[in-house]
Each structure stands twice: as C-alpha cells, then as structure tokens.
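Structure, as structure tokens:
So you know, we letter chains A, B, ... as the sequences are listed, proteins then strands, and number each from 1.
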Amino acid sequence: MSDNSLGTIVLYNTMTASKEKLETLEPGKCGIYCCGPTVYDYTHLGNARAAVVPDLMVRFLRHQGYEVKYVRNVTDIDDKIISRSAEQGVSPTDLAVRFTEEYHKDMTALNALDPDVEPKVSETIEEIIALVKQLVDKGLAYDMDGDVYYRVPDFKGYGKLSNRSVEEMLESAGSRIDVDQRKETPLDFALWKAAKPGEPSWTSPWGEGRPGWHIECSAMSSKHLGDSFDIHGGGRDLIFPHHENEIAQSQGAHGEDTYAKYWVHNGFINFAGEKMSKSLGNFFTTRELTAIFPPETLRYYLMTVHYRSGLNFDLEVTCPACHAVLDKEQQESAKCEACGHETTSDILKKQVRFPSLEEADDRLAYIYSTLEASQKFLETAKAPGQDVVVEGAVGEMLGAFIAHMANDLNSSGALGVLSKPLGEINGLLASGKGVNKALRFAIIDLFVKSMKEVAEILGCFGKDPSSWLVQRRDMKAARIGLDTDKVEGLLIERITARQEKDWSAADRIRDELTELGVSVQDGATGSVWSFI
RNA sequence: GGCGGCAUAGCCAAGUGGCUAAGGCAACGGUCUGCAAAAUCGUCAUCCCCAGUUCGACUCUGGGUGCCGCCUCCA
C-alpha cells in the first residue's frame with residue numbers, strides 16, 4: 001500500500017465513515033481534543049481504554065514528528081456528580097476533586113501522558129456562558145424559565161456525524177423517553193440548566209444555573225485549540241448525542257466549516273458480566289486490576305486489539321477441587337457439577353481468573369525477558385569495530401511496525417511484527433553458532449535500539465526489564481497465593497541435590513514445586529524458577 | 001422501529017481484488033536438557049450462507065442469517 005509509505009498517516013474518520021490521509025490544518029502541527037472523564041467514581045477498564053487510545057495516537061504522531069497539542073477535559077460539574085455527592089453526603093466539588101486525583105493516579109499507572117491542557121468545566125464557565133449567549137443571539141437557542149435549549153431543527157447539519165435525520169428522529173421521539181413539554185421539539189437539548197436548591201450554580205443572563213452536558217466540550221476546545229482543530233476523540237457511545245450536539249453548538253456559533261476535521265472513536269470493552277455471578281462482585285475498576293497485574297500488562301492488553309474493535313474481557317471461575325470451569329449457576333450455588341465439590345462465595349472469589357490478562361502478562365514477560373537478556377549480552381560482549389548492515393526480521397522491524405501504526409493505529413498488526421525478531425534474538429542469545437560475531441552483536445544491538453522506539457510509541461516495553469520482571473513475578477505470586485520464601489528454600493535444596501547428582505531428590509523437589517505452581521529452569525548459570 | 005459495527009483455524013486476532021491469508025494462546029513433533037522447564041525450529045485455516053460484478057474475491061455489490069453497540073448525560 002503506497003498510502004503507508006513512511007510519513008503518511010491514515011485515520012478512520014467517523015464523519016466520512018472512511019479512512020483518510022491525515023492532513024492537519026497547519027502542516028506538522030496537530031490539535032487533539034479528547035473527551036475526558038466525568039469524575040464521580042474510580043475509572044474502569046473502559047475509561048482506561050478511552051484514555052490509552054488517544055495516548056497512543058498522541059505518542060505516535062509525536063514520534064512521526066508532529067507538534068501535538070493534546071487537550072483532554074475533566075467534567076467536574078454534572079448530574080452524576082451531583083447525585084453521587086448527595087448519596088455520600090459530600091459536596092460535589094469535593095467529590096470531583098477527589099476523583100480527579102484518583103483518575104490521575106490511574107493514568108500515571110497506565111503510563112498515559114498528561115495532556116498539554118486539562119481544562120475543567122468549573123474553570124470554563126465564562127466561555128460557556130459566552131457561547132450560549134452567542135447561540136441565543138443567533139436564534140439557535142431559546143430561554144425557558146432559566147433553562148436554555150438548543151433549537152435543533154434550525155441547525156441544518158444536525159445528524160451528519162451519527163447519520164440520522166431530524167425528521168426521522170422527530171417521528172420516533174418520545175417513544176422511549178418522556179419529553180419535557182416546555183421544549184419546542186423533543187430533540188432540543190439543554191445548553192444551560194437552571195439551578196435547583198443545593199446544586200452548584202453560577203450567575204448567568206438567564207439566572208442562576210449551570211452548564212448542560214454538551215456545551216463544555218464546545219467551549220473548552222475553542223478556548224484551547226481554536227474554533228477549528230484537527231482531531232476529536234472519544235468513545236463510540238459519544239457519537240450520539242454528545243458529539244452531534246457539540247457540532248451543532250460549535251458550528252452553529254462559528255460556522256459550518258469549523259470544528260473538528262477528524263473524528264476518532266474507540267470501541268467498547270465487552271465485559272464478561274453474564275459469565276460471572278453478581279455475588280462474586282465485580283472487580284473491573286482499573287484500580288482493582290492494577291493491584292493484581294502490573295499496570296503495563298493492562299496497557300499492553302488494551303493494545304492487542306485494534307482500537308475500533310470491541311475487546312473481550314474474559315474471566316473464568318474454576319472449581320477449587322477439580323479446576324473445572326464453573327458457569328454462572330454453579331458460581332451462585334457454589335457447587336461444582338463436575339466433581340460435586342461444595343464451597344463458598346468467598347473461596348470462589350479467589351478462584352476468579354482473567355485468561356486474557358494472564359496471556360498478556362505472559363507475553364509481556366517474554367518480551368521483557370528477551371530485552372533483559374539482550375541488554376546483558378550487549379554489556380558483556382565486545383562491540384564490533386566495523387559497521388554491519390542488518391537485514392531480515394530485525395532490520396525490517398521498526399519500519400514494518402511504524403507502517404502498521406500509520407494505518408489507522410493498527411497496534412495489533414504492529415505487535416505481530418515483533419514476533420519474528422523476538423524469536424531470532426532469542427535464538428542468537430542462546431547460541432552464536434554459525435553466525436558472524438560482529439553481525440550477531442549488530443543484530444542484537446539494532447533490536448534493542450528499535451525496541452526503544454517501539455516503547456516510545458506504545459508506552460510499553462520501556463521500563464527497566466529486570467525491575468519489571470521482579471514486580472511481575474511478585475504480583476503473580478500474590479495472585480496465586482504463592483509462598484515465595486518456601487519456593488526459594490526448596491530451590492536451594494534442589495540445587496544442592498543436583499550438585500551431588502542426586503537426581504531422584506532433585507526430581508522430588510521439583511514435583512513439590514510443581515504442586516505449588518512453580519516450574520524450575522536449570523541453566524548453565526544456575527537454576528531459576530518461574531510460573532507454570 | 002431507526003442508525004452503525006462485526007462474522008477469518010480449538011480460542012484470541014491482523015490483513016489483502018490474483019503470489020506461501022500476519023501474530024499470539026492451546027495442541028503435536030524436532031533441537032536443547034541428567035530428565036524436565038524455558039528458549040528455539042517445524043506442523044496446524046481457504047476466510048458465516050446465497051446470488052452478482054470480474055479473466056480472477058476471503059477482500060467489491062445485493063440479499064439472507066447470526067452476534068454486538070448506540071438511539072436512555074455509560075468510555
């Protein structure tokens with residue numbers, strides 16, 4: 001594909017429903033606005049994906065030489081925040097501040113870059129009021145008892161992003177939800193809401209009130225990126241009505257040819273909710289998962305599938321006695337059909353496994369092990385005096401990786417490109433037989449250098465391999481309830497037995513370790529253990 | 001009902017109008033190993049169904065079936 005030659009980037013644009021070559025308003029620069037979190041609770045994996053996808057985009061564009069201005073908002077005024085704060089007996093502001101902090105912690109854990117600007121609704125009220133006023137003045141909005149509504153049928157382009165027609169929507173309106181009778185048409189949406197007692201509010205030309213849901217993004221993107229900018233991102237569910245309404249507001253105020261040029265929407269995570277009994281609880285917040293898996297495992301997992309596709313989040317619960325997979329009914333009754341074993345909810349909770357995360361974790365460990373061994377090799381081996389040209393899988397790796405990323409951020413395809421080089425490197429590390437010494441060094445050196453760039457783009461594989469592997473091992477040990485000290489003790493016993501060539505004792509100890517869920521690797525430099 | 005998406009090996013998942021349809025997991029076989037494990041090498045698909053366009057389609061068009069999402073301030 002000639003479109004994929006280095007330097008050209010293709011993105012899928014929801015507005016045109018097709019892949020388009022990225023041509024930014026100003027060559028070499030790119031303004032990105034991304035709908036950030038509503039801060040009323042901890043983030044879940046879906047929120048994590050909605051942040052990691054634009055992060056990947058920003059990193060890649062920067063790697064390709066773009067000067068990116070990345071704006072991601074925080075919605076700190078919202079119905080959900082108000083109702084949650086009422087439930088908890090705290091002020092909406094305190095709740096929002098608290099969960100903004102928690103959001104930042106999760107983002108840091110996931111290695112998502114800070115946006116260049118992180119505007120908050122509460123700090124953009126002035127601009128929001130000005131924008132609403134502009135729409136009222138233009139006749140595109142009207143005031144009703146302190147509420148201000150957008151006059152949807154008067155905006156010609158309404159529905160162009162989500163591919164809906166105003167006529168059809170008017171016909172079906174009201175069939176699903178009750179319509180506020182004060183509105184001129186059911187499609188009209190609130191730009192400004194009159195304050196109810198106890199709610200946070202600001203003084204406006206229409207009285208005390210607060211912004212509606214959609215107006216904030218129009219106001220904040222204009223403020224920080226201008227009335228027109230390059231890329232607007234968010235989850236698929238925001239296409240309608242949120243992004244459609246943003247377009248109506250911004251283009252209504254600033255003109256039809258303004259606002260975002262490319263609309264990029266990420267797919268959903270399919271939670272395996274039906275597979276899991278409610279009584280076992282849900283641990284799908286980012287926080288709960290990063291407590292049992294290295295955060296980078298989550299990030300890696302999110303990139304194993306193309307960003308527009310759905311991502312299946314698997315989990316399974318197994319019988320503690322016979323390890324059969326239990327379906328929802330068996331989880332609820334806490335009884336295994338296969339072997340008849342009866343247990344309790346609490347015990348079953350510990351039996352929950354995340355196969356897809358475990359696979360991602362193993363893969364990441366394989367990659368880091370290869371990096372660790374490569375770095376050790378380069379530290380001890382002698383660099384060749386002359387330049388050596390590296391061809392083959394390792395030589396082509398970075399170019400192929402970038403080509404995939406340039407094709408609508410195809411991280412899945414890009415990750416696939418790494419497999420051959422990894423195999424080749426591990427082969428070279430195991431044995432230098434039949435390979436020119438200088439070439440061997442050059443290949444491994446190029447691999448490590450290429451992986452550094454890959455790590456910059458992905459935000460993965462960039463940690464110190466040894467420390468990451470230690471962290472990962474400790475977390476996995478905790479996950480399966482492994483007594484590490486006991487393992488280490490057995491390992492020492494076994495090393496002694498092996499030195500004395502007492503194979504039967506060595507094998508017996510190995511069986512014990514296997515029981516614990518540990519496998520042993522005997523190598524030239526000693527014995528190490530890992531998980532089965 | 002409206003709009004949109006998806007359907008590729010046991011599982012997950014890229015991709016292409018025509019050369020051997022990436023990669024991962026699992027499985028099987030070889031190398032390595034005291035035996036193993038890890039690592040490595042190899043084996044493992046004709047792309048939901050029907051019709052059409054085309055010299056040629058898994059890839060394009062139409063129809064069907066099946067999943068899923070949005071239309072309800074959930075990413």
Sugar-phosphate only, base, or nothing, as touched by [X] at under 4.0 Å among non-hydrogen atoms:
X	result
A/Lys420	sugar-phosphate
A/Leu45	nothing
A/Val305	sugar-phosphate
A/Gly235	sugar-phosphate
A/Tyr366	sugar-phosphate
A/Asn410	sugar-phosphate
A/His242	nothing

Kindly assign one of parallel, tilted or perpendicular to the pair A/His232 and A/Trp263, based on the angle between their ring planes and the thresholds 30° and 60°. parallel

If I pick the [atom1] atom on [M] and the same atom on [N], what distance separates them, to the nearest angstrom?
N	M	atom1	result
B/A14	B/C70	C1'	26 Å
B/A9	B/U46	P	10 Å
B/C55	B/C60	C1'	16 Å
B/A45	B/G4	C1'	29 Å
B/G15	B/C47	C1'	11 Å
B/U40	B/A21	C1'	25 Å
B/G18	B/G56	P	14 Å
B/G23	B/U65	C1'	30 Å

Roughly, in whole Å, what's the span from [atom1] in [X] to [atom2] in [N]?
X	N	atom1	atom2	answer
A/Gln521	B/A38	CD	P	7 Å
A/His265	B/A75	NE2	P	14 Å
A/Asn73	B/A75	CG	P	11 Å
A/Ile269	B/C74	CD1	P	17 Å
A/Trp213	B/U72	CH2	C1'	11 Å
A/Asp314	B/C12	CG	C1'	8 Å
A/Arg84	B/C73	CZ	C1'	14 Å
A/Asn426	B/U40	CG	C1'	8 Å

Where do N or O atoms of nucleotides 42-46 of chain B meet protein N or O atoms at under 3.5 Å, pair by pair?
none

Collect all protein-nucleotide pairs involving nucleotides 24-26 of chain B in which both atoms are nitrogen or oxygen and the distance is under 3.5 Å.
unit_1 : atom_1 : unit_2   : atom_2 : d
B/G24  : O2'    : A/Glu359 : OE2    : 3.3
B/C25  : O4'    : A/Glu359 : OE2    : 3.2

If stacking means aromatic ring centre less than 5.5 angstrom from the base's six-membered ring centre, planes under 30°, is A/Phe268 stacked on B/A75? yes

Identify all pairs in which a protein N or O lies below 3.5 Å from an N or O of nucleotides 4-9 of chain B, and state each distance.
unit_1 : atom_1 : unit_2   : atom_2 : d
B/G4   : OP1    : A/Asn163 : ND2    : 2.6

Return yes if some donor-acceptor pair links the side-chain N/O of A/Asn410 with the main-chain N/O of A/Gly413 below 3.5 Å, else return no. yes

Cation-pi check, [X] onto [Y] ring (under 6.0 Å, within 45° of axis):
X	Y	value
A/Arg479	A/Phe293	yes
A/Arg308	A/Tyr12	yes
A/Arg472	A/Tyr368	no

Worked verdict on A/Glu372 versus A/Ser466 for side chain to side chain donor-acceptor pair (under 3.5 Å): CA-CA 6 Å; A/Glu372 182 185 42; A/Ser466 309; 2.9 Å; yes

By nearest-heavy-atom nucleotide on RNA chain B, the more 5' of A/Gly310 and A/Ser530 is A/Gly310

Can a donor-acceptor pair be found between the side chains of A/Gln521 and A/Ser527 at a distance below 3.5 Å? no

Would A/Asp78 and A/Thr38 count as having a side-chain donor-acceptor pair, cut-off 3.5 Å? no

Please tabulate the protein-to-nucleotide N/O contacts below 3.5 Å involving nucleotides 30-34 of chain B, giving atom names and distances.
unit_1 : atom_1 : unit_2   : atom_2 : d
B/G34  : N7     : A/Arg498 : NH2    : 3.4
B/G34  : O6     : A/Arg494 : NH2    : 3.4
B/G34  : O6     : A/Arg498 : NE     : 3.4
B/G34  : N1     : A/Asp507 : OD1    : 2.9
B/G34  : N2     : A/Asp507 : OD1    : 3.4
B/G34  : N2     : A/Asp507 : OD2    : 2.7

Any residue meeting ring pair (Phe, Tyr, Trp, His ring centres under 6.0 Å) with A/His242, in chain and number order, not counting sequence neighbours: A/Trp213, A/His214

Non-hydrogen side-chain atoms of A/Phe354 and A/Asp314 separated by less than 4.5 Å: no

If you define the side chain from C-beta out and look only at heavy atoms, does anything of A/Phe313 sit under 4.5 Å from A/Asn270? no

For B/A75, does the base pair up with any side-chain atom of A/His44 as donor and acceptor (N or O, under 3.5 Å, distance only)? yes

Do you know which two heavy atoms are closest between [X] and [Y], and how far apart they sit?
X	Y	result
A/Leu45	A/Thr286	N-OG1, 4.1 Å
A/Gln249	A/Leu135	O-CD2, 3.6 Å
A/Ser412	A/His306	CB-N, 4.0 Å
A/Lys420	A/Ala393	CB-CB, 3.9 Å
A/Leu398	A/Ser450	CD1-O, 3.9 Å
A/Pro186	A/Leu170	CD-CD2, 3.8 Å

Output yes when A/Arg287 and A/Glu102 qualify as a salt bridge under the 4.0 Å nitrogen-oxygen rule, no when they do not. yes

Should A/Glu316 and A/Arg353 count as an ion pair when the cut-off is N to O under 4.0 Å? no

Which string of ( ) [ ] | and . matches RNA chain B, if you list each base 5' to 3' and count Watson-Crick or G-U pairs only when both distances are under 3.5 Å? (((((((..(((.....[....))).(((((.......)))))....(((((..]....))))))))))))....

Of the options B/C73, B/A14, B/C70, whose atoms approach the side-chain atoms of A/Ser309 most closely? B/A14

